[in-house]
Amino acid sequence: MPTTAAAALSDLAATARAWPFEEAKKLVARVEKRGGGTVLFETGYGPSGLPHIGTFGEVARTTMVRHAFRVLTEDRIPTRLLCFSDDMDGLRKVPDNVPNREMLAGHLGKPLTEVPDPFGEHASFGAHNNARLRSFLDTFGFEYEFASATEYYRSGRFDQTLLKVLAAYDEVMAIMLPSLRAERQASYSPFLPISPTTGAVLQVPLVERKVEAGTVVYRDPDTGVLVEVPVTGGHCKLQWKPDWAMRWAALGVDYEMAGKDLIDSVKLSARICSALGAPPPDGFNYELFLDENGEKISKSKGNGLTIDDWLAYASPESLSLFMFQKPRSGKKLFFDVIPRNVDDYYTFLAKYHEESPAQRLENPVWHIHTGTPPTLDLPVSFALLLNLASASNADDRAVLWGFLKRQDAALSPENHPELDRLVGYAIRYFHDRVAPTKRFRVPEETERQALAALDAALAALPAGADAEAIQAAVYEVGRAVFPDTAKPGPDGRPGVSLAWFATLYQLLLGQERGPRFGSFAAIYGVPETRALIATALARTDG
RNA sequence: GAGCCCGUAGCUCAGCCGGUAGAGCACGUGACUUUUAAUCAUGGGGUCGUGGGUUCGAGUCCCACCGGGCUCACCA
């Protein structure tokens with residue numbers, strides 16, 4: 001029998017089926033086989049771009065595996081998560097979204113850490129992007145260690161393994177060449193010398209390799225002279241796939257995941273890693289994030305949803321849920337999936353606290369909150385808030401809160417900050433996504449008269465008129481313009497046709513349906529409602 | 001050419017270690033509100049892509065096939 005809470009949890013984790021546990025179990029077997037030591041998780045970045053939704057996904061998922069591993073092993077085996085920035089990569093092209101582009105154009109080909117920061121804030125463009133990456137990760141509270149390729153190369157930390165690559169050159173080439181086209185095969189070299197004269201990362205064929213001296217010789221593309229540089233100390237960088245393999249071998253990386261588009265690359269790098277005498281890391285290939293049409297989301301295409309989009313309309317936790325769910329299946333990432341993930345998150349959260357310990361380990365919120373999900377109950381769903389925001393034309397929190405308080409007077413932003421947070425998201429969602437799609441009809445002549453009459457009736461109401469009084473005024477006007485004799489009112493006078501209310505919502509809110517009008521006007525404000533009427537009256541054809 | 005994912009209600013999807021099919025939305029009906037949103041209750045609707053196999057029993061495991069789609073094969 002387990003004697004501690006940690007031991008009990010570990011026992012449960014041993015049979016847990018959630019995917020982070022499956023991954024963690026692979027790692028336990030790996031560590032047992034090699035007899036202990038720290039387990040190193042890695043995620044890597046090409047720092048020429050800014051952090052994006054895939055960056056978040058990779059760190060979030062890796063963190064889930066790491067946490068599962070720690071629980072499984074009762075934290076007896078140290079773990080680290082290294083976020084490795086390939087900032088020594090050469091600047092290939094000038095990004096569109098930065099200032100000082102002509103200045104950058106003069107530094108093409110140089111390592112990013114040698115390119116001046118176009119924003120003028122950091123020591124280099126690479127440093128700038130690294131800072132962006134770190135503050136991005138810090139926003140979410142990830143626990144990680146940052147690593148800079150430039151620093152690692154220059155410090156000599158990679159030297160020993162770089163020399164191994166030089167020694168195993170033929171083997172590395174034998175692995176790489178079959179994967180390349182004929183014309184690329186002719187020029188390919190795993191080593192990319194950094195030009196001592198221009199500072200550029202050179203993609204040149206090697207003329208000679210001197211394993212004993214630890215150097216390579218190439219012909220300078222500008223001058224044609226032979227140049228000899230050490231492969232160590234940051235004088236050479238490696239091509240991507242050998243670089244990945246060298247890093248795994250040098251640092252002893254145990255786990256790294258990658259997208260499905262990198263399957264072949266991972267295989268090649270793993271073979272190179274083995275050739276360097278180190279076991280390649282475990283990990284798995286997650287499915288790509290797809291747009292609405294099922295195509296890969298790419299920054300250059302600009303399709304799909306960005307992380308800023310998501311975080312503008314929903315919480316990081318809901319995004320974590322998205323990342324947790326079925327990482328091996330294709331996932332469409334577009335606007336419509338946001339509300340569902342928000343509501344699913346709260347549903348899982350509510351369920352969590354009623355579940356058995358074993359069930360909890362299968363619950364996404366356990367993984368999202370590294371074992372300690374908060375206790376929260378949400379009186380209404382996010383979907384409802386979105387409906388309400390749309391129906392009530394909510395452009396500030398007070399309007400939405402007005403409707404919420406009608407439902408439950410005890411609710412307030414003060415005693416339910418989480419709900420208030422969602423209210424904010426709902427309003428933004430409405431404002432950005434729903435409001436622009438609204439189609440306001442131009443009023444016809446009789447409708448103009450009715451609106452004018454309604455405006456006058458509202459103006460005549462005493463200040464602070466309640467919902468019932470406003471509703472009565474609406475009826476009075478409607479009775480004159482849109483009578484419905486077949487449907488008498490409670491006092492026997494003619495009723496009011498549905499058309500009147502439909503007209504109001506079409507003209508004032510740009511939609512077919514809406515909330516009870518008196519209640520709406522009372523909460524929305526009589527002057528504000530009159531402003532809506534004025535706007536509607538101002539619309540004309542053409 | 002290689003690899004991967006998917007095929008379950010009208011739509012989007014969930015179905016955990018195999019045990020008589022579920023949710024949301026949509027739709028129907030009803031309650032409440034003198035109309036409308038919301039809310040609540042309730043109902044209909046599926047030969048689980050096809051064909052085999054394992055099994056007392058298969059949406060679930062195995063094999064084959066069909067269909068839809070993506071990714072890689074220049075660079076990262």
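On a predicted model such as this, the values are computed, not experimentally measured, just so you know.
A donor-acceptor pair under 3.5 Å is absent between the side-chain atoms of A:D89 and the main chain of A:P111, judged by distance alone. Judged by distance alone, with hydrogens and angles left aside, the side-chain atoms of A:D343 form a donor-acceptor pair with the main-chain N or O of A:A383 at under 3.5 Å. One N or O on the side chain of A:W19 and one on the backbone of A:F324 form a donor-acceptor pair closer than 3.5 Å.
In summary, the aromatic rings of A:W310 and A:F322 are positioned with their centroids under 6.0 Å apart. Between A:H52 and A:F289, the gap from one ring centroid to the other reaches at least 6.0 Å. A:Y152 has its ring centre less than 6.0 Å from the ring centre of A:F84. Between A:Y153 and A:F158, the distance from one ring center to the other falls under 6.0 angstrom.
Rounded to a whole angstrom, the distance from the C1' atom of B:C16 to that of B:C61 is 15 Å. Separation of the C1' atoms belonging to B:G19 and B:U55 is 12 Å when rounded to the nearest angstrom. If you take atom P in B:C11 and the same atom in B:G46, they sit 13 Å apart, rounded to whole Å. Distance noted for atom C1' between B:G59 and B:U71: 28 Å (whole Å). Rounded to whole Å, the P atom of B:G69 lies 15 Å from the corresponding atom of B:U8. Using atom P as the reference point in both B:G44 and B:A21, the two lie 15 Å apart (nearest Å). Comparing the P positions of B:C25 and B:U39 gives a spacing of 8 Å, expressed to the nearest Å. Distance noted for atom P between B:G10 and B:G45: 11 Å (whole Å).
Heavy-atom distances to RNA chain B give each of A:E362 and A:L192 a nearest nucleotide, and the one nearer the 5′ end belongs to A:E362. For A:F517 and A:K241, each mapped to the nucleotide of RNA chain B holding its nearest heavy atom, the one lying further toward the 5' end belongs to A:F517.
Remark: RNA chain B forms stems of 3 or more consecutive Watson-Crick or G-U wobble pairs, all pair distances under 3.5 Å, at B:1-7 with B:66-72, B:10-13 with B:22-25, B:27-31 with B:39-43, B:49-53 with B:61-65.
The side chain of A:R184 contributes an N or O atom lying less than 4.0 Å from OP1 or OP2 of B:C75. Considering only side-chain N and O atoms, A:R181 lies nowhere under 4.0 angstrom from the phosphate OP1 or OP2 of B:A73.
Put simply, CD on A:E476 is 13 Å from C1' on B:U34, counting in whole angstrom units. As rounded to whole Å, 11 Å separates atom C1' of B:C16 from atom CZ of A:F324. One interatomic measurement links the two molecules: CG of A:L386 to C1' of B:C25, which rounds to 14 Å at whole-angstrom precision. Whole-Å rounding puts the A:Y286 OH to B:C4 C1' distance at 14 Å. Here B:U36 presents its P atom at 19 Å from CG of A:L507, a figure rounded to the nearest Å. Atom pair A:F289:CZ and B:C4:P shows a separation of 20 Å (rounding to whole Å applied). The interatomic distance linking A:I263 (CD1) with B:A73 (P) rounds to 12 Å, in whole Å. For A:F348 and B:C16, the CZ to C1' distance is 12 Å, given to the nearest whole Å.
Among the nucleotides B:U71, B:A76, B:C75, the one closest to the side chain of A:D261 is B:U71. Among B:A76, B:U36, B:U71, the nucleotide with an atom closest to any side-chain atom of A:Q239 is B:A76. Here the nucleotide nearest the side chain of A:L180, chosen from B:U71, B:A76, B:C75, is B:C75.
Within the 4.0 angstrom heavy-atom criterion, base atoms lie near A:R17. Nucleic acid contact for A:L262: base, since at least one base atom lies under 4.0 Å from a heavy atom of the residue.
Between A:E23 and A:F284, the closest heavy-atom pair is OE1-CD2, 3.3 Å. Considering all non-hydrogen atoms of both residues, A:C236 and A:P193 come closest at SG-CA, 3.7 Å.
Taken to the nearest 0.5 Å, the CG atom of A:L411 stands 6.0 Å off from the CG atom of A:L419.
Taking the ring centre of A:Y286 as origin, the terminal cationic atom of A:R61 falls inside the region bounded by 6.0 Å and 45° from the ring axis.
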Whether each nucleotide of nucleotides 5-13 of chain B has a protein heavy atom under 4.0 Å at its base (B), only at its sugar-phosphate (S) or at neither (-) is summarised, 5' to 3', as SS-----BS

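A glycosidic torsion no more than 90° from 0 defines the syn conformation; B:C48 lies beyond that range and is anti.
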